Structure formats: structure tokens, C-alpha cells
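Just so it is clear, the values below take in all heavy atoms, side chains as well, and ignore hydrogens, waters and symmetry mates. Fair warning: this is a prediction, and the values are worked out from it, not measured in the lab.
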Amino acid sequence: MPTSPRDRDEQGRARNARPRDGLGRPLPYGLPGVERQPEGVPRTPGEALTEAQRLLDLGRPFHAHEVLEDAWKAAPEPERELWRGLAQLAVGLTHAARGSAAGASSLLARGVRNISPYLDDPPHGVDVAGLVAWAASGVGVPRLTRGS
């Protein structure tokens, strides 16, 4: 059991140190969990998209969300909502995999709202039109970029 009421990282920030399952749900202390994605990893947009797609293909949308969230936090202002929307789509997929249809629907809708302004000129090869269509259908694993 942890020695303090809240888990903290090396900088003293509150961090839940409980192990997590493959969909990011906390498990009881002491149980084996799935290794989490490290936070704050600097990646180029292409590297972030490639890593997030790899995780989506492995059925790990929660972990893909963490990669996309890092990209969102590091993105220049004109692209922030694109990355935020991509992270929200991954969280929507996480909710769907966890069996929460309402959560999935809500997050997918938010994600689509945030990526839609980039339809006419999507940066980094992001397949915004394909992602909007995927979110409407809810079928399969989304492809983040054209040709991925």
C-alpha cells in the first residue's frame, strides 16, 4: 500500500501509481498491469501519429490517447485543437472498448468537432475526412493518416 493518501511523482505532482489494465482502468495495488506510456516524450508530429497508430492497431486506444495528448500539449497553437480532437477520438474508442456507449458517443462527437475545422487542409497527412467517417460508423480501427 502507498505510504501517503495520494501517489506522487518525482516532482511532487499527484499521479495514480496503481497498475492499469490494457484499457487504462486502474487495478488494485499489487496486481500486474500493462506498462503505461511514458508521459512528456518529445516526438515529431509524424512520430506521434506513427506511435499512436501502432497502439491503436494493438488494441490499446488508452495508450494511443496518452501519446496524442502529449502531442496536443506540445503542438503550436494553430494545431492544438487537431491534436486534442485526435486524443478525444482515442478516448472515445477506449470508452467503446470498455462497454460505455454513452461515453464513446460523447467523446467521438467532441473529437469530430475539434478535427473538423482541419478538413480542407489537414496538417501532417492526418486523414480528417476518413476519421470523421470512421467516427460516424464506429466500425474498426481508425486510420490516423492517409495510407497508414
Closest approach of [X] and [Y], non-hydrogen atoms and distance?
X	Y	value
Pro32	Pro19	C-CB, 4.4 Å
Leu131	Leu89	CB-CD1, 4.1 Å
Leu144	Leu49	CD1-O, 3.8 Å
Pro142	Leu93	CD-CD2, 3.7 Å

- Item | Heavy-atom side-chain contact between Val34 and Arg20 under 4.5 Å | no
Extract all donor-acceptor atom pairs below 3.5 Å that involve side chains of residues 117-125 and protein atoms in other chains or at least two apart in sequence.
from: Tyr118; atom 1: OH; to: Pro78; atom 2: O; distance (Å): 2.8
from: Tyr118; atom 1: OH; to: Leu82; atom 2: N; distance (Å): 3.4
from: His124; atom 1: NE2; to: Glu79; atom 2: OE1; distance (Å): 2.9
from: His124; atom 1: NE2; to: Glu79; atom 2: OE2; distance (Å): 3.1

Acceptor/donor pairs from residues 95-105 side chains to any protein atom, 3.5 angstrom cut, sequence neighbours excluded:
from: Arg98; atom 1: NE; to: Leu23; atom 2: O; distance (Å): 3.0
from: Arg98; atom 1: NH2; to: Leu23; atom 2: O; distance (Å): 2.5
from: Ser100; atom 1: OG; to: Gly103; atom 2: N; distance (Å): 3.2

- Message: Distance check, rounded to the nearest 0.5 Å: Glu81 atom CD versus Ile115 atom CD1?
- Response: 12.0 Å
- Query: Taking atom CH2 of Trp134 and atom CG of Asp127, what is their separation to the nearest 0.5 Å?
  - Reply: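 It comes to 12.5 Å.
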Please tabulate, for side-chain N and O atoms in residues 64-72, each donor-acceptor pair with protein atoms closer than 3.5 Å (sequence neighbours left out).
from: His65; atom 1: ND1; to: Phe62; atom 2: O; distance (Å): 3.4
from: Glu66; atom 1: OE1; to: Gln37; atom 2: N; distance (Å): 3.4
from: Glu66; atom 1: OE2; to: Arg36; atom 2: NH2; distance (Å): 3.4
from: Asp70; atom 1: OD1; to: Gly40; atom 2: N; distance (Å): 3.1
from: Asp70; atom 1: OD2; to: Gly40; atom 2: N; distance (Å): 2.9
from: Asp70; atom 1: OD2; to: Val41; atom 2: N; distance (Å): 3.4

- Begin from the C-alpha positions of Gln53 and Val141 and carry the test side-chain contact (heavy atoms from CB on, under 4.5 Å) through to its verdict. CA-CA 9 Å; Gln53 187 67 61; Val141 175; 4.1 Å; yes
- Task: Is it possible for you to say whether Val128 and Trp83 belong to one hydrophobic cluster, with membership spreading through side-chain heavy-atom contacts below 4.5 Å?
- Result: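 Result: yes, single cluster for both.
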- Message: Is there a path of hydrophobic side-chain contacts, each under 4.5 Å between heavy atoms of I/L/V/M/F/W/Y residues, joining Val132 to Leu56?
- Response: yes
- Message: Just to verify, what does His63 make a side-chain hydrogen bond (donor to acceptor under 3.5 Å, both in side chains) with, not counting sequence neighbours?
- Response: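 Counting only residues at least two positions away or on another chain, His63 forms a side-chain hydrogen bond (donor to acceptor under 3.5 Å, both in side chains) with Arg60.
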- Which residue pairs pass the salt bridge (charged side-chain N to carboxylate O under 4.0 Å, His left out) test with at least one member in residues 40-59, sequence neighbours excluded?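 The answer is Glu51-Arg54, Asp57-Arg143.
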- salt bridge (charged side-chain N to carboxylate O under 4.0 Å, His left out) partners of Arg110, counting only residues at least two apart: none
